[in-house]
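Just below is one structure, and these are the notes that go with it.
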Amino acid sequence: MIREDIRNIAIIAHVDHGKTTLVDQMLRQGGVFRQNQQVAERVMDSGDIERERGITILAKNTTVHYKNMKINIVDTPGHADFSGEVERVLKMVDGVLLLVDSFEGPMPQTRFVLRKALELKLPVLLVINKVDRPDARNEEVVDELLDLLIDLNADPETLARPILYVSARQGTATTDTEVPGVDLQPLFDSIIRYIPAPEGEMDGPVQVLVSTIDYNEYVGRIGVGRVTRGTIRAGTNVVRCNYLNSNVSQPWRLVDLSTFDGLKRVPAEAVGMGDIVALSGLADISIGDTVCDPQAVEPLPFVAIGEPTVTMTFSVNDSPFAGREGTYVTSRHLRARLMRELETDVSLRVIEGDSPDQFDVRGRGELHLSVLIENMRRQGYEFQVSRPEVIYKEIDGVTCEPIERLHVDVPQAYAGAVIEKIGRRRGTLETMHGQDRVRLEFLVPSRGLFGYRSEFLTDTRGEGIMSAVFESYEPSKGDIPHRNAGALVCYETGDATQYGLFGAQDRGTLFVTAQTPVYAGMICGQSTRPGDIVVNICRTKHVTNVRNSSSAEDSLRLVSVHNPTLEECLEFIDDDELLEVTPKSLRMRKRVLSHESRAKGAGKKKG
């Protein structure tokens with residue numbers, strides 16, 4: 001049976017190409033909001049971190065109605081570090097809208113998500129966004145997009161479908177650049193025409209593949225997935241099974257059943273084949289599970305999620321300031337929180353460390369792990385993390401490391417500096433084209449990009465754009481220098497003074513201000529030279545009975561103090577350093593706090 005009244009689509013694209021903005025306009029023109037209703041921009045980005053950073057982190061479901069048709073939409077992340085979210089939600093839909101920026105064109109994540117969609121045989125509707133930009137390159141971007149489709153062996157039907165030209169900000173769409181769009185009607189019509197309707201058995205035994213997990217304090221875990229067969233009804237008994245193992249749960253009663261309508265969930269008595277449903281009642285339901293009729297236990301295969309490439313060590317905070325600012329500080333709290341994250345993040349791996357208070361946390365990239373760290377500190381957790389490291393693999397007896405495809409868009413004047421820096425980091429230039437603005441494509445080791453983003457912005461005066469996505473594993477490229485400059489390390493525990501900081505500022509860039517509590521072994525700045533320098537920023541001026549009439553000596557002025565962000569801290573720390581994370585503070589420190597012990601250890605290494 002074919003359900004002609006439903007369409008299930010996912011919107012996929014590279015980061016900042018306008019997915020969430022387009023969903024806003026689809027909701028507005030689909031009648032979800034009143035005509036005069038005040039709605040925040042990027043309404044689907046509901047998380048605090050998503051709104052602050054302007055990126056989508058979690059895939060989200062919504063629904064619009066058009067011409068008696070229900071269109072289920074999944075808004076997906078565009079950043080490569082959250083590509084696991086994209087991979088799993090593709091099992092919920094029957095087709096995808098591939099969004100491409102009219103100036104930037106296909107980017108690394110565009111290739112990645114398009115390849116995943118084609119592997120699942122999903123129809124692809126091509127959408128060129130931001131066509132109202134003054135620097136739009138519509139015709140060139142279409143050629144680049146068609147070249148990409150041919151390169152990925154797309155079927156002739158994909159190449160034959162019309163291309164839509166959209167301005168998500170203005171809410172217009174057209175199939176002809178010569179005829180300006182008025183509204184999104186051409187987009188809705190194309191979705192109905194070219195995205196196939198769900199197909200399956202309406203009367204067979206129920207089968208639901210869970211692709212997303214949500215949580216509610218009142219009902220607990222909520223599984224969100226697609227009804228692939230039959231009709232699921234509230235109050236009936238079902239079982240949970242998984243394709244990867246033979247475990248079958250005891251029958252349990254469906255407490256609650258709901259579907260999506262706009263931005264809300266609407267309780268439902270029954271949901272038929274092809275629709276997307278949220279169900280609750282089972283505590284340990286997880287992503288990849290199949291909810292079945294107890295009389296017909298048939299688990300469905302789930303998409304294989306890409307392996308993580310970066311690892312960090314999370315450990316209990318053991319600094320002199322431990323326990324001052326956090327609510328959850330023990331290894332039991334840390335372990336429970338990390339295990340809870342595994343239930344909703346399919347790309348994450350947590351492995352018990354060498355000691356009971358250490359855990360190896362593996363993810364898709366620095367941003368993936370830094371968002372986890374930021375969420376945990378906002379929830380009251382206090383812990384320490386190590387420098388990010390890549391995960392090596394043994395392939396045919398050769399040690400291999402992850403390689404990323406890096407796309408860089410910079411003004412011509414800065415291209416030389418970028419090529420030189422990437423060359424030092426063992427990257428190889430693949431392509432280069434453009435005149436005023438140059439587009440460069442590199443293959444570079446993942447570890448070569450650690451700490452490079454801030455350098456890149458400095459080298460390009462903030463005018464450069466860079467993005468990377470995992471390409472493959474290749475034999476290790478050799479040593480890569482991590483940090484040219486050393487650290488300024490505090491000599492003693494106490495409060496930083498204006499007098500002490502004034503004496504230390506000539507040695508480098510300061511990270512702390514006066515009256516900031518510090519401890520011996522804590523990093524208080526970046527040195528201008530290689531090697532660490534121990535400085536005493538807690539010292540005070542000796543009091544004498546001689547008065548100086550000049551006030552110049554008393555007005556000790558500090559140059560600007562740089563307060564590093566979480567990402568900058570992760571980029572800065574070296575192998576012998578840790579980052580102390582609390583709800584109120586980020587403190588970089590040496591693993592060994594004692595100056596004498598560090599000096600002895602350095603002497604032994606030289607010997």
task = Answer yes or no: is there a donor N or O on one side and an acceptor on the other, between the side chain of N8 and the main chain of G274, under 3.5 Å?
result = yes

ask   = Any Lys/Arg nitrogen of E4 or K67 sitting under 4.0 Å from an Asp/Glu carboxylate oxygen of the other?
value = no

message = Looking at K60 and D214, is there a salt bridge between them, counting it only when a charged N and a carboxylate O are closer than 4.0 Å?
response = no

task = Indicate, with yes or no, if the rings of F188 and Y66 have centres closer together than 6.0 Å.
result = yes

Any donor-acceptor N/O pair, Q29 side chain to G171 backbone, under 3.5 Å = yes

request  = Return yes if some donor-acceptor pair links the side-chain N/O of R229 with the main-chain N/O of P205 below 3.5 Å, else return no.
outcome  = yes

key: R111 with D151: basic N within carboxylate O range, under 4.0 Å   = yes

key: Test log, rule side-chain contact (heavy atoms from CB on, under 4.5 Å), inputs N61 and I73   = CA-CA 6 Å; N61 296 72; I73 304 170; over 6 Å; no

key: Qualifying residue for side-chain contact (heavy atoms from CB on, under 4.5 Å) with V206, from I232, T236, T228   = I232

key: Donor-acceptor side-chain pairing of D24 and T21 below 3.5 angstrom   = no

message = Do N129 and D101 pair up side chain to side chain, a donor and an acceptor below 3.5 Å, judged on atom types alone?
response = no

message = To the nearest 0.5 Å, what is the distance between CE on M312 and CG on L578?
response = 10.0 Å

request  = State whether K584 and E325 are salt-bridged, where the test is any N-O pair (Lys NZ or Arg NE/NH1/NH2 against Asp/Glu carboxylate O) under 4.0 Å.
outcome  = no

request  = I would like to know whether I11 and V96 meet side-chain contact (heavy atoms from CB on, under 4.5 Å); could you show each step before the answer?
outcome  = CA-CA 6 Å; I11 301 183; V96 298; over 6 Å; no

task = May I ask you to decide if R169's main-chain N or O and Q25's side chain share a donor-acceptor pair within less than 3.5 Å?
result = yes

inquiry  = Within the 3.5 Å criterion, strictly below it, is a donor on T63 or D261 matched to an acceptor on the partner's side chain?
reply    = no

request  = Please confirm whether the backbone N or O of P267 pairs with a side-chain atom of S258, one donor and one acceptor, at under 3.5 Å?
outcome  = no

query = What's the shortest heavy-atom distance between R115 and L152, and which atoms?
reply = N-CD1, 4.0 Å

query = Donor-acceptor pair, T158 side chain versus A154 backbone, under 3.5 Å?
reply = no

message = Between R447 (side chain only) and V390 (backbone N and O only), is there a donor and an acceptor less than 3.5 Å apart?
response = no

ask   = Can you tell me if Q207 uses its side chain to pair, donor with acceptor, with the backbone of E298 under 3.5 Å?
value = yes

key: Distance (rounded to the nearest 0.5 Å) between Y194 OH and L164 CG   = 9.0 Å

query = Is there a donor in the side chain of T212 and an acceptor in the side chain of R88, or the other way round, less than 3.5 Å apart?
reply = yes

task = Would you confirm whether R7, through its side chain, and M69, through its main-chain N or O, come within 3.5 Å as a donor-acceptor pair?
result = no

message = Do the side chains of R335 and E352 get close enough for a salt bridge, i.e. N-O under 4.0 angstrom?
response = yes

message = Which heavy atom of G326 sits nearest to which heavy atom of P583, and what is that distance?
response = CA-CD, 3.8 Å

ask   = Can you list every pair that meets ring pair (Phe, Tyr, Trp, His ring centres under 6.0 Å) and has a residue in residues 327-351, with sequence neighbours left out?
value = Y328-H333, Y328-Y381

query = Can you tell me if Y243 and D289 form a side-chain donor-acceptor pair at under 3.5 Å?
reply = no

request  = Would you check, one step at a time, whether the test side-chain contact (heavy atoms from CB on, under 4.5 Å) holds for S476 with Y392?
outcome  = CA-CA 8 Å; S476 181; Y392 292 91; 4.2 Å; yes

task = Look only at the side chain of E382 and the backbone of G323, and say whether a donor-acceptor pair between them is shorter than 3.5 Å.
result = yes

Sequence neighbours excluded - side chain to side chain donor-acceptor pair (under 3.5 Å) pairs with any residue from residues 301-314 = T313-D360

Check: S370/E567 side-chain N/O donor and acceptor closer than 3.5 Å = yes

request  = Would you kindly say whether H17 and E104 are connected by a side-chain donor-acceptor distance under 3.5 Å?
outcome  = yes

request  = Begin with the C-alpha distance, continue with both residues' side-chain angles, and end with the deciding distance and a verdict on side-chain contact (heavy atoms from CB on, under 4.5 Å) for I163 and I128.
outcome  = CA-CA 7 Å; I163 295 173; I128 309 295; 3.7 Å; yes

query = Which atoms form the tightest heavy-atom contact between V398 and P475, and what is the distance?
reply = CG1-CB, 4.0 Å

